[in-house]
**Student:** 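Mind having a look at this structure? Questions to follow.
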Amino acid sequence: MSTSAIVAEKVWKDIQSTHSVSDEQLSILHFLFGKNLERATRIVDQRGVKRILGEPSGRSIFQVVGESKRKEEYLCFAEHYCACYSFFYDIVNRGEQLCCKHQLAARLASSLGTCIDVNMSDDDLALILSQL
């Protein structure tokens with residue numbers, strides 16, 4: 001794990017423990033993620049993050065609204081994957097970013113406890129995941 005990823009993980013854990021974010025933490029995250037963090041905070045402010053929870057397992061995936069006029073929704077695992085174009089182009093292919101704005105929005109909303117929770121059966125969640 002890179003130094004940047006270790007620092008980011010520490011900040012996320014601190015935010016999650018208090019369900020609040022300080023100016024210092026925002027400054028660190030902005031240094032690490034730049035414009036993607038700014039975009040992610042807009043998504044969170046607009047309540048654009050849903051956590052889809054499977055029952056009874058408790059497994060989850062995030063559904064995050066994009067910023068384009070079409071308001072696409074992207075499925076993502078906050079720490080590992082997003083279905084958006086930027087994830088494959090900037091992160092997987094070019095290695096220029098640690099994560100995309102959708103992953104950041106999911107992580108921020110989850111850490112702050114501001115996700116909109118949507119419960120569904122494990123079978124329905126499995127169907128959604130099979131379409132990734």
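Not measured: the values here are computed from a predicted model.
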**Student:** Rounded to the nearest 0.5 Å, what separates atom CD1 in Ile61 from atom SG in Cys82?
**Tutor:** 9.0 Å

**Student:** Looking at CZ of Arg47 and SG of Cys115, how far apart are the two atoms once the value is rounded to the nearest 0.5 Å?
**Tutor:**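 With rounding to 0.5 Å, CZ (Arg47) is 8.5 Å from SG (Cys115).
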
**Student:** Applying salt bridge (Lys or Arg N to Asp or Glu O under 4.0 Å), which residue pairs with at least one partner in residues 25-36 are found, sequence neighbours left out?
**Tutor:** none

**Student:** Using a 6.0 Å cut-off, check whether atom CG of Asn93 has over 12 heavy atoms from anything other than its own residue.
**Tutor:**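 Atom CG in Asn93 is packed in, count exceeds 12.
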
**Student:** Glu73: what forms a salt bridge (Lys or Arg N to Asp or Glu O under 4.0 Å) with it, not counting sequence neighbours?
**Tutor:**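 Listed in chain order: Lys50.
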
**Student:** State, yes or no, whether a side-chain contact exists between Leu125 and Ile52 at a heavy-atom distance under 4.5 Å.
**Tutor:**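 They are in contact (side-chain heavy atoms under 4.5 Å apart), so the answer is yes.
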
**Student:** Look only at the side chain of Gln103 and the backbone of Cys100, and say whether a donor-acceptor pair between them is shorter than 3.5 Å.
**Tutor:** yes

**Student:** Which residues satisfy the side-chain contact (heavy atoms from CB on, under 4.5 Å) test with Leu98, sequence neighbours excluded?
**Tutor:**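 Only Ser2, Ser4, Phe33 meet the side-chain contact (heavy atoms from CB on, under 4.5 Å) criterion with Leu98.
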
**Student:** Starting at CE of Met120, measure out to CG of Leu127 and round the result to the nearest 0.5 Å.
**Tutor:** 9.0 Å

**Student:** Pair up each side-chain donor or acceptor in residues 6-18 with any protein partner under 3.5 Å, not counting sequence neighbours, and list the distances.
**Tutor:**
{"residue": "Glu9", "atom": "OE1", "partner": "Arg107", "partner atom": "NH1", "Å": "3.3"}
{"residue": "Glu9", "atom": "OE1", "partner": "Arg107", "partner atom": "NH2", "Å": "3.1"}
{"residue": "Glu9", "atom": "OE2", "partner": "Arg107", "partner atom": "NH2", "Å": "2.8"}
{"residue": "Lys10", "atom": "NZ", "partner": "Asp14", "partner atom": "OD1", "Å": "3.1"}
{"residue": "Lys10", "atom": "NZ", "partner": "Asp14", "partner atom": "OD2", "Å": "2.8"}
{"residue": "Ser17", "atom": "OG", "partner": "Asp14", "partner atom": "O", "Å": "2.8"}
{"residue": "Thr18", "atom": "OG1", "partner": "Asp14", "partner atom": "O", "Å": "3.4"}
{"residue": "Thr18", "atom": "OG1", "partner": "Ile15", "partner atom": "O", "Å": "3.4"}
{"residue": "Thr18", "atom": "OG1", "partner": "Ser20", "partner atom": "N", "Å": "3.3"}
{"residue": "Thr18", "atom": "OG1", "partner": "Ser20", "partner atom": "O", "Å": "3.1"}
{"residue": "Thr18", "atom": "OG1", "partner": "Ser20", "partner atom": "OG", "Å": "3.2"}

**Student:** Does any N or O in the side chain of His102 come within less than 3.5 Å of the main-chain N or O of Val65, such that one atom is a donor and the other an acceptor?
**Tutor:**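 Such a contact is absent between His102 side chain and Val65 backbone.
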
**Student:** Is atom CD of Gln131 surrounded by more than 12 heavy atoms (other residues, nucleotides or ligands) closer than 6.0 Å?
**Tutor:**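 Result for CD/Gln131: enclosed.
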
**Student:** Looking only at heavy atoms, which two atoms of Val44 and Ala105 are closest? And how far apart?
**Tutor:**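 That would be CG2-O, 3.5 Å.
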
**Student:** Is it possible for you to say whether Leu108 and Leu32 belong to one hydrophobic cluster, with membership spreading through side-chain heavy-atom contacts below 4.5 Å?
**Tutor:** yes

**Student:** So, does Asp122 use its side chain to make a donor-acceptor pair with the main chain of Ser57 at under 3.5 Å?
**Tutor:**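 At least one qualifying donor-acceptor pair exists.
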
**Student:** What's the spacing between Leu37 CG and Leu26 CG if we round to 0.5 Å?
**Tutor:**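 Nearest 0.5 Å value for the CG-CG distance: 6.5 Å.
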
**Student:** Within a reach of under 6.0 Å around CZ of Phe77, are more than 12 heavy atoms found that belong to other residues, nucleotides or ligands?
**Tutor:** yes

**Student:** Taking only residues two or more places apart in sequence or in another chain, which ones pass side-chain hydrogen bond (donor to acceptor under 3.5 Å, both in side chains) with Asn119?
**Tutor:**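 Partners of Asn119 under the side-chain hydrogen bond (donor to acceptor under 3.5 Å, both in side chains) test: none.
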
**Student:** Run Val49 and Phe62 through side chain to side chain contact (heavy atoms under 4.5 Å, CB included) and show every step you take.
**Tutor:** CA-CA 7 Å; Val49 180; Phe62 293 93; 3.8 Å; yes

**Student:** Could you state the interatomic distance from NZ (Lys101) to CG (Asp90), rounded to the nearest 0.5 Å?
**Tutor:**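 It comes to 10.5 Å.
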
**Student:** Rounded to the nearest 0.5 Å, what separates atom CG in Asn36 from atom CG in Leu29?
**Tutor:**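 Spacing of CG (Asn36) from CG (Leu29) equals 12.0 Å.
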
**Student:** Any link between Leu75 and Leu129 through a network of hydrophobic side chains (Ile, Leu, Val, Met, Phe, Trp, Tyr) touching at under 4.5 Å?
**Tutor:**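 Hydrophobic grouping puts Leu75 with Leu129.
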
**Student:** Not counting sequence neighbours, which residues clear side-chain hydrogen bond (donor to acceptor under 3.5 Å, both in side chains) with Ser22? List them please.
**Tutor:** Gln25

**Student:** Without swapping roles, check the side chain of Thr41 against the backbone of Glu38 for a donor-acceptor pair under 3.5 Å.
**Tutor:**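 Checking the backbone N and O of Glu38 against the side chain of Thr41, a donor-acceptor pair under 3.5 Å is found.
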
**Student:** Apply side chain to side chain contact (heavy atoms under 4.5 Å, CB included) to the pair Ile43 and Val64, showing each step before the final yes or no.
**Tutor:** CA-CA 8 Å; Ile43 292 169; Val64 182; 3.7 Å; yes

**Student:** Please identify each residue that fulfils ring-ring contact (aromatic ring centres under 6.0 Å, His included) with Phe87, with sequence neighbours left out.
**Tutor:**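 Phe87: ring-ring contact (aromatic ring centres under 6.0 Å, His included) contacts with Tyr81.
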
**Student:** Would you please name every residue forming a side-chain hydrogen bond (donor to acceptor under 3.5 Å, both in side chains) with Tyr85, sequence neighbours left out?
**Tutor:** none

**Student:** Please name all residues satisfying salt bridge (Lys or Arg N to Asp or Glu O under 4.0 Å) with Glu72, sequence neighbours left out, ordered by chain then number.
**Tutor:**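 Salt bridge (Lys or Arg N to Asp or Glu O under 4.0 Å) check on Glu72 returns Arg70.
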
**Student:** Output all residues satisfying side-chain hydrogen bond (donor to acceptor under 3.5 Å, both in side chains) with Arg42, sequence neighbours left out; order by chain, then residue number.
**Tutor:**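 Checked Arg42 against side-chain hydrogen bond (donor to acceptor under 3.5 Å, both in side chains); matches are Glu67.
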
**Student:** Who passes salt bridge (Lys or Arg N to Asp or Glu O under 4.0 Å) against Arg51, sequence neighbours left out?
**Tutor:**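 So Arg51 forms a salt bridge (Lys or Arg N to Asp or Glu O under 4.0 Å) with Asp117.
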
**Student:** For Asp124, enumerate each residue passing the salt bridge (Lys or Arg N to Asp or Glu O under 4.0 Å) test, keeping only those at least two apart in sequence or located in another chain.
**Tutor:** none

